[in-house]
Amino acid sequence: MLEADYVTTEDGTGLVHQSPAFGADDMVVCKAYGLPVVNPVEKDGHFADDVPLVGGQFFRHANTDLVADLTERNLLFRHLPYEHSYPHCWRCHTALLYYAQPSWYVRTTAVKEALLRENEKTTWFPETIKWGRYGDWLNNNIDWAVSRSRYWGTPLPIWRCTEGHQTCVGSLAELSDLTGTDQSGLDPHRPYVDAVTFRCPADGCSEVATRVPEVIDAWFDSGSMPFAQWGYPHVEGSKEKFEAAYPADFICEAIDQTRGWFYTLMAVGTTVFDQSSYKNVLCLGHILAEDGRKMSKHLGNILEPIPLMDEHGADAVRWFMACGGSPWSARRVGHNTIQETVRKVLLTYWNTVAFHVLYARTADWTPGGVVPPVAERPVLDRWLHAETAALAVEVTAAYERFDTQRIGSLLGQFVDDLSNWYVRRSRRRFWDGDPAALQTLHDTLATLTQLMAPLVPFITERVWQDLVVPVTPGAPTSVHLSAWPAARAEDTDADLSASVAVARRLVELGRAARADAKVKTRQPLRVAMIASAAHEALSEELLAEIADELNVSTIQPFSSSFDLLHFEAKGNFRALGKRFGKDTPKVAAAIAAADAAALHATLSAEDSTFAVDLDGQMVEVYRDEVLISERPHEGWSVANDQGETVALDLELTDELRRAGLARDVIRMIQEARKTSGFEVSDRIALTWSAGPTMAQAFAEHAGLIADEVLAASMAESDDPASLAFSDPELGFAFNVFRV
């Protein structure tokens, strides 16, 4: 009976047999007690033929005969099947056998303190790996079994004679000296190197030295890459190249390489040069199938990378891998997830570029012409300029932290803001060929393309060639050769960014108020009201943007949302009953009789109370004991969130209704232009027919309609039946012709 601290009473009986030839823990224990290493199993997993009872059997099949023999000899006390974890081949699921093998070792325990020192100097992403998974590996470091009993691989460069003398050969030149022949052209792999022998150089020895049969662990090759790639130190100029490139600024691999490549790079570099091979290391999570399982050919759930890129594009796959989540977290990959990346980011970016190119070409505009300084441009131009500068600052910082998820989040949100806020709000200016708008968007797209280039190198290169190179004298021939955008905090404008953010939130609330009232955006309204504080904080330009976006005539302030809402209060009987028992109905009646608006204002704060009259005595009620409902005053739609409120006056005059009809006409004609295949710059001739109300609306807003649809002429038709486009509900029909 031997003692070992790795055996526990929680697993099985607390008794285990010892097989030093088939387990590392077993060997350590048996060696400590001076027991021999006995190995009756051949390398094919079968017992040797001379072993009694089970000779020639596969090691797993021998259990049955062994149990039967013990039972027959009355030596088995009890036989209970016990299932425990066991190593299996991940390909064919055959049971595996740990097997003691002689090996060559590198004494890495001798440099343990140096490895710990170098790890302390290394920046890990995520940081938990540094002294977690990787740090534990270093602290429990054992010598590195560096040899392998295989045919393929880098041969171990050790020659040994029959007397046991060993010679380590460091180069082909040294091998040439030892053999007395030119070995400079030798292929240093098996079988060629095995044929090379020489007289043992040990003093007084004349035996022939032959190479030992083992090859080196492939990870030793990988760990030697930083200097071996240059042929250091034998190739001319390799010393200078190595010193200029060592150590690497950054490496990355899957998280399971903490005991593989990450370790061997540090171990070889530190042992040879007393310095780790890298400064920063990023651990990548594993790639999973869409169902969350690990991808496996055996399970049939793998995605071949080339077909995946053929279908979605290499950039889409790259963006997803880099930005689809924290780099060190496992992530699910599938066609749907990558297609979402294409739709939300890359197509939006591409369409914005196409929009700019279209209107720049239509206006015959090129950058560098007469354009107002940024400070004198409209508010949205100034905002975009500031946001682009802020983006460069934040993205640069994220790149320096190797935080690709943050980069993706910043760029994705910016692309959305650029397309769905700036371009959409400035569309009329682009139609008019406004140089300030065209220059602002051009500058932003150039910077955005540079910031995106490391993640999506192909689409950004195409954009650079189309958008920058043809119109910018002296521009770098590739986006990947351009200087990184200057990340200057002084170009940002935090106050303007905050103001636009408020304006956009108010716009969203206004849209919500329209949706709640079921009033379409094309219908103009008289007034929208916002809180006085917000009204005072926003410039006239931004108030005009809000009014135009919400399609209202004016934006007016109000002092309190209470001015627009009607409140009703009633008691929460379940909560009141816990305190007031039989008096609950009386308290509920007192709550209903109280000033509901005052109740709402008071109980909005945490831990607040409100006093109500109960039979001449004032009692306090708490927030959870009162149910307050609110509804807008008649004729208003109100939306509020996070302390901000927008109220829309829903009263429609005949004039407003006709303005709404004119907007419907514009929508119909624009759709007809698209259906007819017209270019955005094409001028049209319009013939129309309408009922009395629509005809009045058309007449009142003829100038607006002509401007919006690019109508060179508009004439009432004398043959309504011949008109190709119509909407009977609106009572309007028309034809469009390119002129």
Side-chain angles (χ1 to χ4, degrees), residues 125 250 252 282 284 309 312-329 331 333 337-357 380 383-426 440-468 478-480 482-489 491-494 497 500-501 504:
F125 303 92
F250 161 76
C252 72
L282 172 62
L284 300 176
M309 288 186 281
H312 303 288
D315 280 338
V317 177
R318 284 174 61 96
W319 182 281
F320 176 79
M321 293 299 182
C323 309
S326 175
W328 44 84
S329 297
R331 73 189 61 185
V333 181
T337 51
I338 295 178
Q339 186 59 42
E340 190 74 357
T341 293
V342 173
R343 184 181 65 81
K344 284 188 173 180
V345 181
L346 300 185
L347 276 179
T348 304
Y349 163 70
W350 180 262
N351 289 337
T352 304
V353 172
F355 174 89
H356 180 271
V357 170
L380 290 187
W383 169 80
L384 183 60
H385 179 81
E387 290 299 290
T388 303
L391 179 73
V393 171
E394 293 187 69
V395 168
T396 299
Y399 271 121
E400 290 174 348
R401 296 193 305 268
F402 305 97
D403 190 350
T404 55
Q405 183 182 21
R406 172 69 173 161
I407 296 166
S409 175
L410 289 168
L411 291 173
Q413 184 59 55
F414 184 84
V415 167
D416 183 70
D417 290 343
L418 178 63
S419 173
N420 295 318
W421 176 250
Y422 176 79
V423 170
R424 188 172 56 77
R425 289 295 317 134
S426 307
T440 301
L441 184 55
H442 176 86
D443 293 343
T444 289
L445 287 173
T447 299
L448 177 61
T449 298
Q450 291 173 299
L451 295 175
M452 292 175 66
L455 296 176
V456 283
F458 303 106
I459 189 174
T460 52
E461 180 63 17
R462 172 64 185 274
V463 168
W464 188 264
Q465 296 302 323
D466 291 349
L467 186 73
V468 177
S478 168
V479 67
H480 306 296
S482 65
W484 189 250
R488 303 194 310 173
D491 289 336
T492 63
D493 189 334
S497 295
V500 173
R504 295 183 67 182

### Within-4.5 Å side-chain heavy-atom neighbours: W421 and L380
yes

#### Entry: Those residues that, when tested against Y399, pass side chain to side chain donor-acceptor pair (under 3.5 Å) (two or more places apart)
none

### Flag, side chain of T492 to backbone of A494, donor-acceptor distance under 3.5 Å
no

### Message
Set out, in order, the CA-CA distance, both residues' side-chain angles and the distance that settles side-chain contact (heavy atoms from CB on, under 4.5 Å) for L282 and T404, then state yes or no.
### Response
CA-CA 11 Å; L282 172 62; T404 55; 5.7 Å; no

### Task
Output yes when a side-chain donor or acceptor of R424 lies under 3.5 Å from a complementary backbone atom of N420, and no otherwise.
yes

### Query
Is a side-chain donor-acceptor pair under 3.5 Å present for W383 with S497?
no

### Expected output: side-chain D315 to main-chain I459 donor-acceptor under 3.5 Å
yes

### Message
Evaluate F125 against D403 for side-chain contact (heavy atoms from CB on, under 4.5 Å), listing each step before the verdict.
### Response
CA-CA 9 Å; F125 303 92; D403 190 350; over 6 Å; no

### Message
Using a 3.5 Å distance criterion without hydrogens, assess whether the side chain of T348 forms a donor-acceptor pair with backbone atoms of K344.
### Response
yes

### Query
When you measure from the side chain of H480 to the backbone N and O of P457, does any donor-acceptor pair fall under 3.5 Å?
yes

### Query
Do T449 side-chain atoms and L445 backbone N/O form a donor-acceptor pair below 3.5 Å?
yes

#### Entry: CG-CD distance between D491 and E387, expressed to the nearest 0.5 angstrom
12.5 Å

### Message
Please determine whether side-chain contact (heavy atoms from CB on, under 4.5 Å) holds for the pair F355 and S419, giving the CA-CA distance in whole Å, both sets of side-chain angles, and the decisive distance to 0.1 Å.
### Response
CA-CA 10 Å; F355 174 89; S419 173; over 6 Å; no

### Query
Can you find a side-chain donor-acceptor pair between T460 and Y349 that sits under 3.5 Å?
no

### Task
Say whether, by atom type as modelled, one donor and one acceptor occur between the side chain of R318 and the main chain of P454 under 3.5 angstrom.
yes

### Task
Please report the closest heavy-atom contact between Q450 and W484, naming both atoms and the distance.
O-CZ3, 3.4 Å

#### Entry: Heavy-atom pair with the smallest gap, counting every atom of A446 and W464
O-CZ3, 4.0 Å

### Query
Looking at CG of L441 and CG of L467, how far apart are the two atoms once the value is rounded to the nearest 0.5 Å?
8.0 Å

### Query
Roughly how far apart are L418 CG and H356 NE2, rounded to 0.5 Å?
10.5 Å

### Task
Applying side-chain contact (heavy atoms from CB on, under 4.5 Å) between L411 and each of D416, V345, L391, report the one that passes.
L391

### Summary
Heavy-atom closest pair (L451 atom, P485 atom, distance to 0.1 Å) is CD2-CG, 3.9 Å

### Query
Which atom names give the shortest non-hydrogen contact between L284 and C252, and what distance separates them?
CD1-SG, 4.1 Å

### Validation row: D466, V357 side chains within 4.5 angstrom (heavy atoms)
no

### Query
What class does the angle between the rings of F250 and F402 fall in, given that below 30° is parallel, 30 to 60° is tilted and above 60° is perpendicular?
parallel

### Task
Please name the pair of heavy atoms, one in M309 and one in V317, separated by the smallest distance, quoted to 0.1 Å.
CG-CG2, 3.7 Å

### Query
Taking the side chain from E394 and the backbone from L410, do they hold a donor-acceptor pair closer than 3.5 Å?
no

### Query
Would you say the side-chain atoms of Q405 pair up with the backbone N or O of A322, donor to acceptor, closer than 3.5 Å?
no

### Task
Could you tell me whether the side chains of T444 and T388 share a donor-acceptor contact shorter than 3.5 Å?
yes

### Task
Heavy atoms only: give me the nearest C323-G408 pair and the separation to one decimal.
SG-CA, 3.5 Å

### Task
Quick one: do W350 and R462 satisfy side-chain contact (heavy atoms from CB on, under 4.5 Å)? Show the steps, please.
CA-CA 10 Å; W350 180 262; R462 172 64 185 274; 3.8 Å; yes

